[in-house]
Enquirer: 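Okay, here's the structure, questions in a sec.
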2 protein chains.
Amino acid sequence: MPEPEGSRRDELLEIAAGLFAEKGFKNTTVRDIADSAGILSGSLYHHFDSKESMVDEILRTFQEELFGQYDEILASDADPLAQLEQAVLVSFEAIDKHRNEVAIFQNEAAYLLTFDRFSYLADRNQQSREVWLTLLQNGIDAGVLRTDLDLELTYRFIRDTVWVAVSWYRPGGRRTHTEIARQYLSILLEGIHT
Amino acid sequence: MPEPEGSRRDELLEIAAGLFAEKGFKNTTVRDIADSAGILSGSLYHHFDSKESMVDEILRTFQEELFGQYDEILASDADPLAQLEQAVLVSFEAIDKHRNEVAIFQNEAAYLLTFDRFSYLADRNQQSREVWLTLLQNGIDAGVLRTDLDLELTYRFIRDTVWVAVSWYRPGGRRTHTEIARQYLSILLEGIHT
DNA sequence: TAGCCTACCAAGCAACTGCTTGGTTGGTAG
DNA sequence: CTACCAACCAAGCAGTTGCTTGGTAGGCTA
């Protein structure tokens, strides 16, 4: 057994993730996935129950890793500002390492939430909100963040700008994900005004 | 003629825009639109050539208005910072007044661009890029904006954060679109750091 | 060499898709 | 009262969709 197990299966999941990210979940047909893999559509059902279970597995695996990282940051003894910076850096790292998964979560969550089996996505959204609000509140309590801003709005601006970068960021481009994260942090923290 | 003309047609376009914005263009069927209008799907083809021509008309009308406003700002004699602020305010106003149209342009442009008839959307994207880059460059030349930032990245951050607000902004919510725009400008210009 | 397994094919079904066709309705204008 | 018109219905067609079924090829193991 040279492969770690489930090799072909994982291969198919990666192909599906690429298509889901590019064209959307509903706009990707099982024939699209099978064609990209060089097999017939029916053969996919030897590996997976349904198209839904493919995207389910893709998202669950990704989110476990991402939120594990957020939890580590919150549990660390870094100061509030460093924690906020870490969270932004980790997020841009996720965009770099898991483009497809981030794009799927960003673009398809609303649609997938219309199915019961994806209700956990709402929990993850809530969890994400709590992470960022906690980071911001800690910064305010420590006196390193402005107190005159609407917390909820600030959270949304941060969340949106971080994740929406997945729509234009390409690995191997002019800027590394770390450089982009640092520029973003610079704007977020200090503003663009002189 | 009590109606300004094309009343029923406009009504159908608004219904379609709402569905396109909510579920996506391809995920909205002509039967969805017809059901929402209380007619049969075939009856839509009395008013429109195709589903494509509906979204086409929706986007063209909206973009003419929006880019007209940008042109006015650029042509005004306000100082660079005021022009940048005006552009942000006008954009949030568009999110308020034309939620559906903004959402469709944001979410469906990539897909629609695969059809020849929507190639003008690429021109509009380019035009938008030029507007923001001009505003930023004018600010730098006037010495009111930081010179150490990557212009292209800054443009993307502004564009993304402004338009992505359409995904969560709801008219009649806790904050008016003007309040949101002002908070956003405050963060963008001054940062969240103390 | 027999049995089993993974990975796949070939064919097709029922539901849904955008769109077409030929017709009906109620109102308006000459 | 006639002609016309916008708005719509009823039925259906051809293509696409997710998924199912019954089968096969090749490799591994006892």
Side-chain angles (χ1 to χ4, degrees), chain A residues 1-59 104 107-108 111-118, chain B residues 1-59 104 107-108 111-118:
Chain A
M1 49 205 71
E3 298 285 345
E5 170 200 345
S7 153
R8 181 54 167 160
R9 189 187 159 86
D10 290 351
E11 217 176 309
L12 294 172
L13 273 185
E14 269 203 52
I15 290 169
L19 290 168
F20 291 156
E22 185 193 329
K23 320 182 2 163
F25 174 72
K26 197 166 182 196
N27 293 345
T28 301
T29 71
V30 292
R31 283 170 181 81
D32 288 337
I33 302 169
D35 284 354
S36 294
I39 59 178
L40 290 185
S41 68
S43 307
L44 283 176
Y45 291 82
H46 167 73
H47 300 276
F48 305 98
D49 280 350
S50 64
K51 199 175 84 163
E52 277 183 28
S53 66
M54 291 189 217
V55 78
D56 196 357
E57 199 168 324
I58 289 165
L59 286 178
I104 296 168
N107 301 327
E108 309 300 325
Y111 171 69
L112 295 174
L113 271 169
T114 61
F115 303 96
D116 280 349
R117 79 178 289 176
F118 292 105
Chain B
M1 50 204 73
E3 298 284 345
E5 170 200 345
S7 155
R8 181 54 167 160
R9 187 186 160 85
D10 291 349
E11 218 177 309
L12 294 171
L13 272 184
E14 268 202 52
I15 290 169
L19 290 168
F20 292 157
E22 184 193 330
K23 320 184 358 165
F25 175 71
K26 198 167 182 195
N27 292 345
T28 300
T29 71
V30 291
R31 282 169 181 82
D32 287 337
I33 302 168
D35 284 355
S36 294
I39 59 177
L40 289 185
S41 67
S43 306
L44 283 176
Y45 290 83
H46 167 72
H47 301 275
F48 305 98
D49 281 350
S50 63
K51 201 174 83 164
E52 278 181 28
S53 66
M54 291 189 216
V55 78
D56 195 359
E57 199 168 326
I58 289 165
L59 287 178
I104 295 169
N107 301 327
E108 309 299 325
Y111 171 69
L112 295 175
L113 271 169
T114 63
F115 302 96
D116 280 348
R117 79 177 289 176
F118 292 105

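A note on names: the letters A, B, ... follow the listed sequences, proteins ahead of strands, and every chain is numbered from 1.
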Enquirer: Using the test salt bridge (charged side-chain N to carboxylate O under 4.0 Å, His left out), find all partners of B/Glu108 that sit at least two apart in sequence or belong to another chain.
Expert: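 Partners of B/Glu108 by the salt bridge (charged side-chain N to carboxylate O under 4.0 Å, His left out) criterion come out as none, since no residue qualifies.
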Enquirer: Could you work out, with side-chain contact (heavy atoms from CB on, under 4.5 Å) as the rule, every residue matching B/Ala37, not counting sequence neighbours?
Expert: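 Residues passing side-chain contact (heavy atoms from CB on, under 4.5 Å) with B/Ala37: B/Arg8, B/Leu12, B/Ile15, B/Ile39.
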Enquirer: Using a heavy-atom distance cut-off of less than 4.0 Å, which residues of residues 44-53 of chain A contact DNA chain C?
Expert: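 Within residues 44-53 of chain A, the residues near DNA chain C are A/His46, A/His47.
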Enquirer: Going 5' to 3' along DNA chain D, which are the first and last nucleotides with any atom under 4.0 Å from a heavy atom of chain A?
Expert: D/dT17 to D/dT20
Enquirer: Quick one, which residues of residues 21-28 of chain A touch DNA chain D with a heavy atom under 4.0 Å?
Expert: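 Hits under 4.0 Å, by residue number: A/Thr28.
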Enquirer: Nearest 0.5 angstrom please: B/Ile33 CD1 to B/Leu44 CG, how far?
Expert: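 CG of B/Leu44 is found 6.0 Å from CD1 of B/Ile33.
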Enquirer: What residue pairs, at least two apart or across chains, pass side-chain hydrogen bond (donor to acceptor under 3.5 Å, both in side chains) with a residue in residues 15-39 of chain B?
Expert: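 Non-adjacent pairs meeting side-chain hydrogen bond (donor to acceptor under 3.5 Å, both in side chains): B/Lys23-B/Asp32, B/Thr29-B/Asp32.
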Enquirer: List every contact pair, protein side and nucleotides 13-15 of chain C side both N or O, where the distance is under 3.5 Å.
Expert:
none

Enquirer: What residue pairs, at least two apart or across chains, pass ring pair (Phe, Tyr, Trp, His ring centres under 6.0 Å) with a residue in residues 9-45 of chain B?
Expert: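 Every ring pair (Phe, Tyr, Trp, His ring centres under 6.0 Å) pair that includes a residue of residues 9-45 of chain B, provided the two are not neighbours, is B/Phe20-B/Phe25.
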Enquirer: Under 4.0 Å, heavy atom to any atom of DNA chain D: which of residues 32-43 of chain B qualify?
Expert: B/Gly38, B/Ile39, B/Leu40, B/Ser43
Enquirer: Considering non-hydrogen atoms only, spot the tightest contact between B/Ala21 and B/Asn107 and give its length.
Expert: O-ND2, 4.5 Å
Enquirer: Mind checking who C/dG18 pairs with, Watson-Crick or G-U wobble, both distances under 3.5 Å?
Expert: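 Here C/dG18 is engaged in a pair, and the nucleotide opposite it is D/dC13.
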Enquirer: Strictly by salt bridge (charged side-chain N to carboxylate O under 4.0 Å, His left out), give each pair with a member in residues 37-58 of chain B just once, sequence neighbours left out.
Expert: B/Arg9-B/Glu57, B/Glu52-B/Arg117, B/Asp56-B/Arg60, B/Asp56-B/Arg117
